[in-house]
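Ligands are counted one by one from 1 in listed order, and the atoms in each one are counted from 1 as well. Not measured: the values here are computed from a predicted model.
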Amino acid sequence: MTPERLIDLHDGWQLAEAPEGLAGPALAGLPDAAWLPARVPGTAHGALLAAGRIPDPFYGRNEAELRWVGERRWAWRLRFDAGELAAHEDLVFEGLDTYCTAWLNGERLLDTDNMFVPHRVDVRERLRPGCNELLLCFEPALARARAVEAVHGKRALWNGDSARLHVRKAQYHFGWDWGPELIVGGPWRAVRRHAWSARIDELQCRSSLDGPRATLQVAAELAGAGAGQRCSFELLDPEGRCVAEAVVPASAVARATLSVAGARLWWPRGLGGQPLYTLVARVLDGERVLAESRCRTGLRTLRLVQEPVEGEAGSSFHFEVNGQAFFAGGANWIPDDNLLERIAPARYRERVAQAAAANMNMLRVWGGGVYEHEAFYEACDEQGLLVWQDFMFACGIYPANAEFLASVRAEAEAAVKRLRHHACLALWCGNNEDYMLAESVGLAGPGVQAERFEARAIYEGLLPEVCAALDPDRVYWPGSPFTPGADTKSSDATVGDRHSWEVWHQQMLPYQRYGDVQARFVSEFGMQSHPSLALLESVLPEGERFPESRTVQWHNKAGSATGPDGHRRLAVYLADNLRVGPTLAEHVYATQFVQAEAMRVAYQDFRRRWQQPGARAVGGALVWQLNDCWPVTSWALIDSAGTAKPAWHAVRRALSPLAVAVRLEAGQARLAVMNGGLQPCVLTLQLRVFALDGRELAHARLAQEVPASTSLETTQALPDFTGPVVAELCALDEAGTELARDCAWTEPFRFYRLGSARIDIRRDGQTLLLGCDRPVKGLWLQGAALADNFIDLVPGAPRRVAVAGAWPQRLQVMALEHAARVVAIPEAGG
Ligand code: BMA
C-alpha cells in the first residue's frame, strides 16, 4: 500500500483553436504551429491574451471585437510522464467551463455541461507509466445553450442572453449591468492526478456547544481502505496543539465524536476573535499514513432570528452568533475579474481585508457569479466576515426539467460539501432576484398559483433538500429577496430580506430618502460612481477622455431592455445635488461624491433602526456591490484596480462599532448613536452648528448612555438661522476623545457656493493636520494611504489623519467646489 499522491497538472498545457467537426486524437494531431502555451487553471481568453493574440478585452471597446473567441471551439493539450503507477489512478477536474469533452491517450473520459461540478475519473487502465496525452475540447457555450433553449423555450430574464438560463455557467459571463460580455471557457479550476491506494473522499465536522464545551461529530468517507487499517481524527487548536483525538477502524464511513472543554468561540469581527481549529483525518496502515485530509473550522452557534418587532408589523430578520444578536453590515461580492485565473489567493485576502477595514461583518456571494475560491472563504474565516452564500441563479426564470435539475443537484452537493466546514458560512440562499422577476412577469405574487413558477422546484425543493442532507445545521433561505408565505411579495418591507432599489432603479428616489425604503434586512441597495480617474483613463483612448464619450458610456453597462441608461441616471443624481464641471476629473469626483453621500445616508438610516432587543426593525444592510470585475462605472465601493472610493470611507464610518448620525430637520437636529459593541458606553454628544462663512452658530453637549448592541436617537433644537448650515456631531468619551463623528449640511449642495474656504494641510509626524477657516465638504486626498478620507472640515481644531506607509511628497487635493490641486505638505508650525 503506497501513500497517496495528489499531483497538479498545471504546467505544459497548450491551446489551439479546434476546427469544427474535429475531435479526440484528430485534434491532438493539429500541427505544432497551431498550439499556443497555456496555463491551467485558465481560459482561452487568458491564453490568447498572454500570447499577444488578442488585445486587452478591458481596453476601449475591445470587448465587442473579441466576441469571436467565445464563439469558437478550443482544444487544450497536455503531454505528461506518469512514472510509476499506483494501485488507483484518478484524474480530478475541479471545474471545466462548460461544455467539455476529455480524452486520455485517445480514449474518451467524460463529457461535461456544468462548470460548477467537479469530476473524478478512474484512469488506472488508461494511464501509462511513460508519456501520456490529455486532451480537452471546449465547445462554444452560447451556441450550445441556444440549442438547449431551442428545445425548452425562451424565458424571461434581466441581463445577458436568454440562453444563459439553460447553461450551468457563471451567469455574469454573458454580460451584466456592471460587467462585459466575455464568454470565457476552459479548465477554470485545478486539474490533478490522484495516485492512491486509500483515499478520504469527504470529511464532515458538525459541532455543537454546551456552555464552554464543544462536541464535534466527525465523519470521513473512505475509499480503498482495507481490513486492519484505521482512521484517526485529530483536532488541532489555533496554535496547532492537539486538543482532541480518536482512532476508529477504517470503514466506508469512519465516524467519531470529539469533545473540547474550554472551546474558543469564533465571532464575526467586532464581537470577538476568530480562533480556527483544524480537523485532520488520516487512513493508517500500521503507522504508515496512506491518506490525509484536513479542514479548518470555527466553533460557534449561528441563528437567523425572525421575531416580532415591538410596535410594528411583521418580524425581524437578524443574526445571532453564540447567542449574541448583531447588526450585519456589509456588501455584495461579485467575481473580482472576468478572467478568474488572474486572481491570486493574496488578492482575495486583500479584497476581504478591505471589506473588514470598512467595518463590514458580512459579504453576500451573489448568485450570478461563482461559488468562490477557497482563498476567499479562508480569508472570511480569518477576518471574521460572515458569508451569505447564494446558489448560482440570478435574475432569471430558470427551467426545471429533469436533466437541468439533475445537473443542479450535482452542483449543489459539490458546493455544500466543499464549503460547509467554513466558520464564516452563515446562510445558504436559493437565488438572486428570481422571485422578484417572477412577480414582474406574473408568475408569482399575490393571487398567482405557486406552481406557475416551476423554478420553485429548485429553490423550495431540491436546494433545501441538499442543504438539509449535507449541512443540516445551517439556515437555508429560498431567495434574495424573499418573503415567506403564500400571496406575498418579495418587496415586503416587514418580513424577510429586501432589495431597496427605489433609489437608482425604479422611481429613482433621491438618496436622501433611503430611510423610506428600509426593510427588515436590506440585502441590496446602491449608487453608481466612476472608478478612479487613473483607472478610467487607462482604458480610454486619448480622444475619448471626456464624460460624455462613447467609450466612457461603453464602460457603464447599466441599462434595461431599452438600452444603456447608467449615464442618464447618473446625470439625474448629479443634477439633483451638485454643480459639476466639464472635465472627466470633475465628473469622477462628482459621481464619487454622490455615491459617498448616498452610502452615508443609507447605512445610517438602516443601522439606526437596529434599535434594541425586541425591536430589531432592521437587521442588516448589504450594499450592492463591494468590488468590480473590470474598469467600469458601477455601484462598487472598490474599483477593479483595488482603489477604494470615497464611498468606502463613508461606509467605514457608518459601520464603525460606535457611530453617530445627524440629520437636519425643521428647527432641530436628529441625533443617532449606534453602539455595535458588547458593552454599554457612556459618552457626550457634542453638536456644533456653523454658517458657511465659518461662524459658529450653536454648540451643545448632551450626556448619553448607550446600552450594548443598541441604536438610539434624540433631538436637539437648532439655532434660528435661515441660511444654509453645517452641523457637526461628535461622540466624545469621558476624556473628551472623539469616538465618532458625522456632519450634515443643508442640501442640496448645488444651491450654494463653497469654493472660498482656505484648506490648511500640514504634517505632524506621521499625521496630517487638516484645518480650514470655513466649512469644507468632501475633502478627498489622493496619493497616500490615509486612515480617513472624504472628510468634512469645520473651523476649529484641525482634524488629525494618520498616514500609513511612506510619507507622500505631494497630495492631490479635491473638495466640493474647490479646483483639484497638487500640494506639497509643510511641517506643522512651519
Ligand atoms: C441587482 C443585483 C444585480 C444587479 C444590481 C444592479 O439586481 O442583483 O443583478 O447588478 O441590482 O442593477
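Annotation: atom 4 (C) of ligand 1 to nearest protein heavy atom, Asp177 OD1, 3.4 Å. Given atom 7 (O) of ligand 1, the protein heavy atom at minimum distance is Glu433 OE1, 2.6 Å. Among all protein heavy atoms, the one lying closest to atom 2 (C) of ligand 1 is Glu524 OE1, 3.1 Å.
Surrounding CD of Gln449 are at most 12 heavy atoms belonging to other residues, nucleotides or ligands under 6.0 Å away. Around the CZ atom of Arg67, the shell of radius 6.0 Å holds more than 12 heavy atoms that belong to other residues, nucleotides or ligands.
Taking the centre of each ring, Trp366 and Trp635 stay at or above the 6.0 Å mark. Taking the six-membered ring where the residue is Trp, the centroids of Tyr603 and Phe525 are separated by under 6.0 Å. Aromatic pair Phe593/Phe749: centroids less than 6.0 angstrom apart.
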Exercise for the section: Could you walk me through whether Glu63 and Trp630 pass the side chain to side chain donor-acceptor pair (under 3.5 Å) test, one step at a time? Expected result: CA-CA 11 Å; Glu63 171 202 344; Trp630 76 313; over 6 Å; no
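If you number the atoms of ligand 1 from 1 as listed, the ones under 4.0 Å from a heavy atom of Asn432 come out as 8 (O), 9 (O). Close contacts between ligand 1 and Cys395 involve ligand atoms 9 (O) [criterion: under 4.0 Å to a heavy atom]. Residue His505 has at least one heavy-atom neighbour below 4.0 Å for each of these atoms of ligand 1: 6 (C), 12 (O). Close approach to Trp635 involves these atoms of ligand 1, each under 4.0 Å from a residue heavy atom: 6 (C), 12 (O).
In terms of polar-atom proximity, Trp176 is counted as a contact of ligand 1, with an N or O under 3.5 Å from an N or O of the ligand. Here's the thing with Asn159: none of its N/O atoms is less than 3.5 angstrom from an N/O atom of ligand 1.
For the ring-ring contact (aromatic ring centres under 6.0 Å, His included) with His318, the lone residue among Phe326, Trp610, Phe606 that qualifies is Trp610. Residue His422 forms a ring-ring contact (aromatic ring centres under 6.0 Å, His included) with just one option from Tyr371, Phe376, Trp428, Tyr377, and that option is Tyr377.
For the ligand labelled ligand 1, residue Trp366 lies inside the 4.0 Å heavy-atom shell. Residue contacts with ligand 1 include Trp501, since one or more of its heavy atoms lies under 4.0 Å from the ligand. Remark: distances from the non-hydrogen atoms of Gly368 to ligand 1 are all 4.0 Å or more.
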